[in-house]
Amino acid sequence: ANLLALLGQTQIPVTGALTADAKVDGTLADPRATATFRGGRGVAYGEPFDRATANVTYLSGGRQEFDAEIDSGARKLNVTGSFQHAPTDFLEGTVRANVKTSELALNKIQTLHEYQPTIGGTARVIADSEVRLVHAKTGEQFEIVGLNADAVTRNLSIEQKQLGDLHLVAHTAGSPQPPLASPLVNVQLTSNVAHSDIRGNGSWRLSGDYPGSGEITFGSVNLAELRKLFAPNATSLASVGGSMEGKITFSGSAERPSSM
């Protein structure tokens, strides 16, 4: 299917058995083609799966629709979306996608487990995005037009030490047309890590290097709890206690977070 040209890759890190079926119907003026892919046990980008299915439908007028489902035990990932482009140009257009997961055990996600072997807890993610692909002198580029997401982690733990919960929400504020300013993504964070009250908010402009700013406030942070979590064997800190509150402000580019 033409959608695969969008990847621009000859090697994709996916292993496992794959079968495919294709169907073409419609008329010369209104053609339609559908391809169905089915996979058994395999590995994709380092993550094992038990079953994978995907459907890609080509419609007239340069529109393609796709959906996919990947299962690994109780873990499920669903992706649906579309790619709208000029009939003769497969590398410029707009991709819209929606991603939804089931409740995921963090210690079963191979990438996370390799980074932090003792991580625990669960996570769930729902997100949709709109990305515009454009030709540029330096090659094909992409522009994020919209992003909405809702991510929740529960009972997060490291080395069997309970940290708490975290909730992150992102929402695109409108999609103004030129010459108006590009849209903003507003992000809110709430967490009760170490029995504290942490709240954050920020906004990033969807243009250039994604400039933005925000702040994080924290209150009722129990210092004794923090010591138990992050320095349990530090005898010099045994007498640390009390609580603290404060605020952190930041600004800079989302592409270069170290500069914030």
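Since we're looking at a predicted model, the values are computed, not measured. Computed over heavy atoms, backbone and side chain alike; hydrogens, waters and symmetry mates excluded.
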For residues Val169 and Leu166: do they belong to one hydrophobic cluster (side chain heavy atoms under 4.5 Å, members Ile, Leu, Val, Met, Phe, Trp, Tyr)? no
d(Asp21 CG, Phe37 CZ) to nearest 0.5 Å is 9.5 Å
For side-chain contact (heavy atoms from CB on, under 4.5 Å), just list the numbers for Asn201 and Asn186, CA-CA rounded to whole Å, side-chain angles, deciding distance to a tenth of an Å, and then say yes or no. CA-CA 7 Å; Asn201 64 81; Asn186 298 316; over 6 Å; no
Out of curiosity, Leu184 CG to Trp204 CH2, how far, rounded to the nearest 0.5 Å? 10.5 Å
Looking only at heavy atoms, the pair that brings Val125 and Ala151 closest together is CG2-CB, 4.1 Å
Determine whether a donor-acceptor pair (N or O, by modelled atom type, separation under 3.5 Å) exists between the side chain of Ser72 and the backbone of Pro48. yes
Heavy atoms of Thr172 and Pro183 approach each other most closely as CG2-CB, 3.9 Å
Ignoring hydrogens, what is the shortest heavy-atom contact between Asn107 and His113? Give both atom names and the distance. O-ND1, 3.9 Å
The reported gap from CD in Glu92 to CG in Leu133 (rounded to nearest 0.5 angstrom) is 8.0 Å
Polar contact flag, side-chain donor to acceptor under 3.5 angstrom, Asn78-Glu69: yes
Hey, quick one: are Leu168 and Tyr210 part of the same hydrophobic cluster, counting side-chain heavy atoms closer than 4.5 Å, chains of contacts allowed? yes
More than 12 heavy atoms of other residues, nucleotides or ligands under 6.0 Å from CD of Glu255: is that the case? yes
Within a 6.0 Å radius of atom CZ on Arg124, are there more than 12 heavy atoms belonging to other residues, nucleotides or ligands? yes
Side-chain (Ser253) to main-chain (Asp209) donor-acceptor, under 3.5 angstrom: yes
Is it possible for you to say whether Leu147 and Leu206 belong to one hydrophobic cluster, with membership spreading through side-chain heavy-atom contacts below 4.5 Å? yes
CZ on Phe218 to NZ on Lys247, rounded to 0.5 Å: 11.0 Å
Looking only at heavy atoms, what is the nearest atom pair of Leu106 and Gly120, with distance? CD1-O, 3.7 Å
Which heavy-atom pair separates Phe250 from Glu215 by the least distance, and what is that distance? CE2-N, 3.6 Å
Donor-acceptor pair, side chain of Gln162 and main chain of Gly164, under 3.5 angstrom: no
Would Tyr45 and Tyr115 show up in the same hydrophobic cluster when neighbours are defined by side-chain heavy atoms closer than 4.5 Å? no
In Å and rounded to the nearest 0.5 Å, what is the CZ to OG distance from Arg199 to Ser191? 10.5 Å
Full working for side-chain contact (heavy atoms from CB on, under 4.5 Å) between Val79 and Phe66: CA-CA 8 Å; Val79 181; Phe66 56 89; 4.1 Å; yes
Any side-chain donor near an acceptor of the partner, Glu130 and Thr94, under 3.5 Å: no
Answer whether the closest heavy-atom distance between the side chains of Leu112 and Glu114 falls below 4.5 Å. no
Taking Glu47 for the side chain and Gln110 for the main chain, is one N or O donor matched with an acceptor at less than 3.5 Å? yes
Value for CG (Asn98) from OG1 (Thr80), rounded to nearest 0.5 Å, stands at 4.5 Å
Sub-3.5 Å donor-acceptor pair from the side chain of Arg75 to the main-chain atoms of Ala105, do we have one? no
Classify the side-chain pair His85/Gln64 by whether it contains a donor and acceptor separated by less than 3.5 Å. yes
Can His167 and Asp150 be said to form a side-chain contact (heavy atoms from CB on, under 4.5 Å), step by step? CA-CA 8 Å; His167 187 194; Asp150 189 322; 2.9 Å; yes
Count I, L, V, M, F, W, Y as connected when their side-chain heavy atoms are under 4.5 Å apart, and connections chain through other members. Are Val56 and Val99 then in the same cluster? yes
Counting only heavy atoms from other residues, nucleotides and ligands, does the tally under 6.0 Å from CD of Gln188 exceed 12? yes
Which pair of heavy atoms, one from Ser213 and one from Ser251, lies closest together, and at what distance? CB-CB, 3.7 Å
Non-hydrogen side-chain atoms of Gln141 and Glu143 separated by less than 4.5 Å: no
Is there side-chain contact between Arg32 and Thr57, with at least one heavy-atom pair below 4.5 Å? yes
For a side chain to side chain contact (heavy atoms under 4.5 Å, CB included) with Leu163, tell me which candidate from Thr153, Ile119, Leu156, Asn155 qualifies. Leu156
